[in-house]
Amino acid sequence: MKYKIPRGTQDILPAQSKKWQYIEQKAHDLCKRYNYQEIRTPMFEQTELFARGVGDTTDIVQKEMYTFEDRGGRSLTLRPEGTASTVRAFVENKMHGWADQPVKLYYIGPMFRYERPQSGRMRQFVQLGVEAMGSADPAIDAEVIGLAMDFYRELGLKNLKLVVNSLGDKESRNNHRNALIDHFKPRISEFCGDCQSRLEKNPLRILDCKVDRDHELMSSAPSILDYLNEESLDYFKKVQQFLNDMEIPYEVDATLVRGLDYYNNTAFEIMIDGEGFGAITTLTGGGRYNGLVEEIGGPTTPGIGFALSLERLLMALDTQGVELPVEQGLDAYLVTMGDQAKEAAPKLLHQLRKKGLTVDGDYLGRKMKGQMKAADRQQAEYVLILGEDELAQNSVMVKTMATGEQELIKLNEIMEKIGK
RNA sequence: GCGGUUGUGGCGAAGUGGUUAACGCACCGGAUUGUGAUUCCGGCACUCGUGGGUUCAAUUCCCAUCAGCCGCCCCA
């Protein structure tokens with residue numbers, strides 16, 4: 001085989017694409033109910049947008065971006081996530097001036113990260129993302145979380161765990177950050193190299209270090225929750241109250257950290273429990289980003305959103321044995337015998353398709369038995385047999401595959417027999 | 001970026017330093033001039049991820065490389 005698919009990408013073949021269509025449609029329907037509207041942004045942007053928007057210190061920017069130069073010498077990057085692009089579009093199209101606020105948007109599309117592929121992690125993967133901009137009401141935090149949970153629930157996914165945390169506002173974060181540095185600094189040499197470099201750059205991330213997770217300073221580390229100022233704490237409590245009201249179970253995990261720099265206040269993840277799933281259990285990640293719009297060059301505008309992976313969703317549905325109600329099978333399969341009947345096939349097939357039926361016929365010159373097998377394999381509800389006899393009577397033999405019964409039907413009455 | 005593991009027909013899967021690379025499924029044809037099951041018969045890999053090397057000889061040994069899978073890091 002001369003050409004091979006690029007690493008970390010996949011071809012989605014028909015058996016799978018049916019499922020994709022189903023969950024994508026589900027996403028569109030659900031977002032509509034929540035009154036989120038679709039936005040489609042380019043799959044690549046100026047590199048600087050992601051560097052600024054996602055954060056220079058993040059792994060995404062430091063080592064995972066697909067960056068290239070175009071013929072005009074511009075540095076472009078395949079989008080590694082959707083929020084930065086959405087915010088850029090928000091600012092560029094002056095959505096902050098729209099009459100309807102907040103602006104509630106969603107997108108479904110491929111994202112790209114240069115990483116070592118692994119179960120649940122591809123170099124090209126599809127995210128459903130939701131962003132609500134223009135409101136700092138905790139009710140919308142709860143709405144966004146509720147939307148994600150509803151999506152999974154309606155698809156039949158179980159054993160989900162919603163984890164929420166608050167990263168606090170700028171003041172709270174700074175106080176906490178300083179407390180963390182004070183806590184770890186005296187004994188930072190006991191920690192791994194990554195943690196040592198995290199100390200100054202992003203001490204929060206020391207908390208989810210896997211290497212040093214059992215170090216005594218971990219459990220005794222200052223919790224962000226103890227550093228939330230009154231406003232942040234009040235906000236967090238309201239989000240929780242709304243979740244309670246909506247009867248959405250959740251856990252508060254003070255160590256939940258978002259990897260991207262733009263988050264503040266609400267942060268959440270939806271994870272999947274249970275066996276059979278790989279090491280990666282996060283299905284959805286999201287949170288509030290009140291400083292991002294300004295960072296990208298727009299007016300001060302609060303925002304919140306999440307992104308979830310469709311690949312991981314499909315994987316989760318699979319491990320839980322959830323069967324999606326995907327349509328399959330033909331309404332009818334046309335079997336022809338003899339040259340005359342074969343000549344008549346295109347016209348008949350075309351007419352049936354115009355009436356809205358899903359039909360197919362033979363294009364390999366197979367004999368009747370072969371055509372019948374094909375009809376059976378493709379789960380045709382009816383087989384239409386057209387031979388010399390039927391042709392002579394301007395009719396077709398209609399066989400109901402489930403029962404084996406068959407009946408000679410006039411061509412102009414065929415829809416009355418097999419129409420839906 | 002690092003580690004482990006795997007790479008034989010459409011799929012699953014044996015196999016050996018040496019004439020013709022098992023088998024199963026699927027598919028195609030025939031037995032059955034017009035009917036989906038079963039059965040029987042026949043067909044279906046100049047080739048064993050790719051490129052080198054060792055050898056009289058390599059799918060089998062060695063090296064490299066690519067890719068899949070799994071894990072670390074991190075995330076969706």
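This is a predicted model, so every value here is computed, not measured. First the proteins, then the strands, lettered A, B, ... as listed; each starts at 1.
- Among the protein residues, Ile385(A) comes within range of the nucleic acid bases, having at least one heavy atom under 4.0 Å from a base atom.
- Among the atoms of the strands shown, only primed sugar atoms or phosphate atoms (P, OP1, OP2) are found under 4.0 Å from some heavy atom of Leu283(A).
- When distances run from any side-chain atom of Met401(A) to the nucleotides rA76(B), rG34(B), rG36(B), the shortest one goes to rG36(B).
- No contact: Glu81(A) has no heavy atom under 4.0 Å from any strand.
- Donor-acceptor pairing under 3.5 Å, judged by distance alone, is absent between the side chain of Glu269(A) and the base of rA76(B).
- In the set rA76(B), rA37(B), rG34(B), the nucleotide with an atom closest to the side chain of Lys369(A) is rA37(B).
- Heavy-atom distances to RNA chain B give each of Pro6(A) and Gly285(A) a nearest nucleotide, and the one nearer the 5′ end belongs to Pro6(A).
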For residues 404-417 of chain A, run the donor-acceptor check on the side chains, cut-off 3.5 Å, and write out each pair with its distance to 0.1 Å, sequence neighbours left out.
residue: Glu407(A); atom: OE1; partner: Lys417(A); partner atom: NZ; Å: 3.2
residue: Lys410(A); atom: NZ; partner: Gln393(A); partner atom: O; Å: 3.2

Given Ser85(A) and Tyr107(A), is the side chain to side chain donor-acceptor pair (under 3.5 Å) satisfied, shown in steps? CA-CA 11 Å; Ser85(A) 304; Tyr107(A) 52 83; over 6 Å; no
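- Residue Ser119(A) places at least one side-chain N or O under 4.0 Å from the OP1 or OP2 atom of rC70(B).
- Of the side-chain N and O atoms in Arg7(A), one or more sit less than 4.0 angstrom from OP1 or OP2 of rG68(B).
- With sequence neighbours excluded, the residues that form a side chain to side chain donor-acceptor pair (under 3.5 Å) with Thr67(A) are Thr77(A).
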Table please: side-chain donor-acceptor pairs of residues 367-376 of chain A below 3.5 Å, with sequence neighbours left out.
residue: Gln371(A); atom: OE1; partner: Thr336(A); partner atom: N; Å: 2.9
residue: Gln371(A); atom: NE2; partner: Thr336(A); partner atom: O; Å: 3.0
residue: Gln371(A); atom: NE2; partner: Arg366(A); partner atom: O; Å: 2.7

Would you sketch RNA chain B in dot-bracket for me? Only Watson-Crick or G-U wobble pairs with both distances under 3.5 Å count, crossing pairs as [ ], other-strand pairs as |, the rest as dots. (((((((..(((.....[....))).(((((.......))))).....(((((..]....))))))))))))....
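- Annotation for Ala332(A) and Ala380(A): closest pair C-CB, 4.2 Å, computed over non-hydrogen atoms.
- Taking both residues in full, the closest heavy atoms of Ser395(A) and Leu386(A) are given as O-CD1, 3.5 Å, listed atom of the first, atom of the second, then distance.
- Listed by chain and residue number, Arg353(A) satisfy the salt bridge (Lys or Arg N to Asp or Glu O under 4.0 Å) test with Asp360(A) (two or more places apart in sequence, or in another chain).
- An OP1 or OP2 oxygen of rC27(B) is reached within less than 4.0 angstrom by a side-chain nitrogen or oxygen of Arg377(A).
- Across all strands shown, Ala375(A) has no heavy atoms under 4.0 Å from either base or sugar-phosphate atoms.
- For Thr281(A), the side chain to side chain donor-acceptor pair (under 3.5 Å) criterion is met by no residue, not counting sequence neighbours.
- Protein atom CD of Gln378(A) is 14 Å distant from nucleotide atom C1' of rC27(B), rounded to whole Å.
- Side-chain polar atoms of Ser172(A) and Asp169(A) form a donor-acceptor pair below 3.5 angstrom.
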Contact list (N/O, under 3.5 angstrom) for nucleotides 41-43 of chain B vs protein:
none

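- The distance between atom CD of Glu381(A) and atom C1' of rG36(B), rounded to the nearest whole Å, is 15 Å.
- Taking atom CD on Glu405(A) and atom P on rG36(B), their separation rounds to 17 Å, with Å as the unit.
- By the side chain to side chain contact (heavy atoms under 4.5 Å, CB included) test, Leu13(A) is found to be paired with Asp11(A), residues two or more places apart in sequence or in another chain being considered.
- Across all non-hydrogen atoms, the minimal contact from Val61(A) to Gly55(A) is CG2-O, 3.2 Å.
- When Lys32(A), Glu131(A), His28(A) are each tested for a side-chain hydrogen bond (donor to acceptor under 3.5 Å, both in side chains) with Tyr106(A), only one passes: His28(A).
- The distance between atom CE of Met122(A) and atom P of rC70(B), rounded to the nearest whole Å, is 10 Å.
- For Lys367(A), no side-chain nitrogen or oxygen approaches OP1 or OP2 of rU32(B) to under 4.0 Å.
- Atom pair Met372(A):CE and rU38(B):P shows a separation of 14 Å (rounding to whole Å applied).
- Applying the salt bridge (charged side-chain N to carboxylate O under 4.0 Å, His left out) test to every pair with at least one member in residues 331-352 of chain A, sequence neighbours left out, gives these pairs: Asp331(A)-Lys420(A).
- For Lys399(A), taking side-chain heavy atoms from C-beta onward, the closest of the listed nucleotides rC28(B), rG36(B), rA76(B) is rG36(B).
- For Glu64(A) against rG1(B), no side-chain N or O and base N or O form a donor-acceptor pair under 3.5 Å.
- Within the 4.0 angstrom heavy-atom criterion, base atoms lie near Gln406(A).
- Within residues 10-28 of chain A, no residue has any heavy atom under 4.0 Å from RNA chain B.
- Note: His176(A) and Tyr227(A) have tilted aromatic rings, judged against thresholds of 30 and 60 degrees for the angle between ring planes.
- Scanning both residues, Ala279(A) and Gln118(A), for their nearest heavy atoms gives CB-NE2, 4.2 Å.
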Reading nucleotides 3-9 of chain B from 5' to 3' and marking B where a protein heavy atom lies under 4.0 Å of the base, S where only the sugar-phosphate is that close, and - otherwise, the string is B------
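- Nucleotides rG3(B) and rA13(B), compared at atom C1', are 29 Å apart to the nearest Å.
- Distance, Met368(A) CE to rU35(B) P: 6 Å, rounded to whole Å.
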Mind running side chain to side chain donor-acceptor pair (under 3.5 Å) on Tyr66(A) and Gln124(A) for me, showing each step along the way? CA-CA 10 Å; Tyr66(A) 269 97; Gln124(A) 176 177 332; over 6 Å; no
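- Nucleic acid contact class of Gly120(A) (heavy atoms, under 4.0 Å, all strands): base.
- No contact: Gly286(A) has no heavy atom under 4.0 Å from any strand.
- Remark: Gln320(A) pairs with Leu157(A), Lys158(A), Asn159(A), Ile272(A), Val322(A) by the side chain to side chain contact (heavy atoms under 4.5 Å, CB included) rule, at least two apart or across chains.
- Across all strands, Gly129(A) comes closer than 4.0 Å to no nucleic acid atom at all (heavy-atom distances).
- Atom CZ in Arg79(A) sits about 13 Å away from atom C1' in rA76(B), given to the nearest Å.
- Here the C1' atom of nucleotide rU32(B) and the NZ atom of Lys373(A) are 13 Å apart, to the nearest Å.
- A sub-4.0 Å separation between OP1 or OP2 of rG71(B) and a side-chain N or O of Gln118(A) is present.
- Between Arg113(A) and Met397(A), the one whose closest nucleotide on RNA chain B sits nearer the 5' end is Met397(A).
- Note on Gln62(A): nothing from the nucleic acid sits closer than 4.0 angstrom, heavy atoms only.
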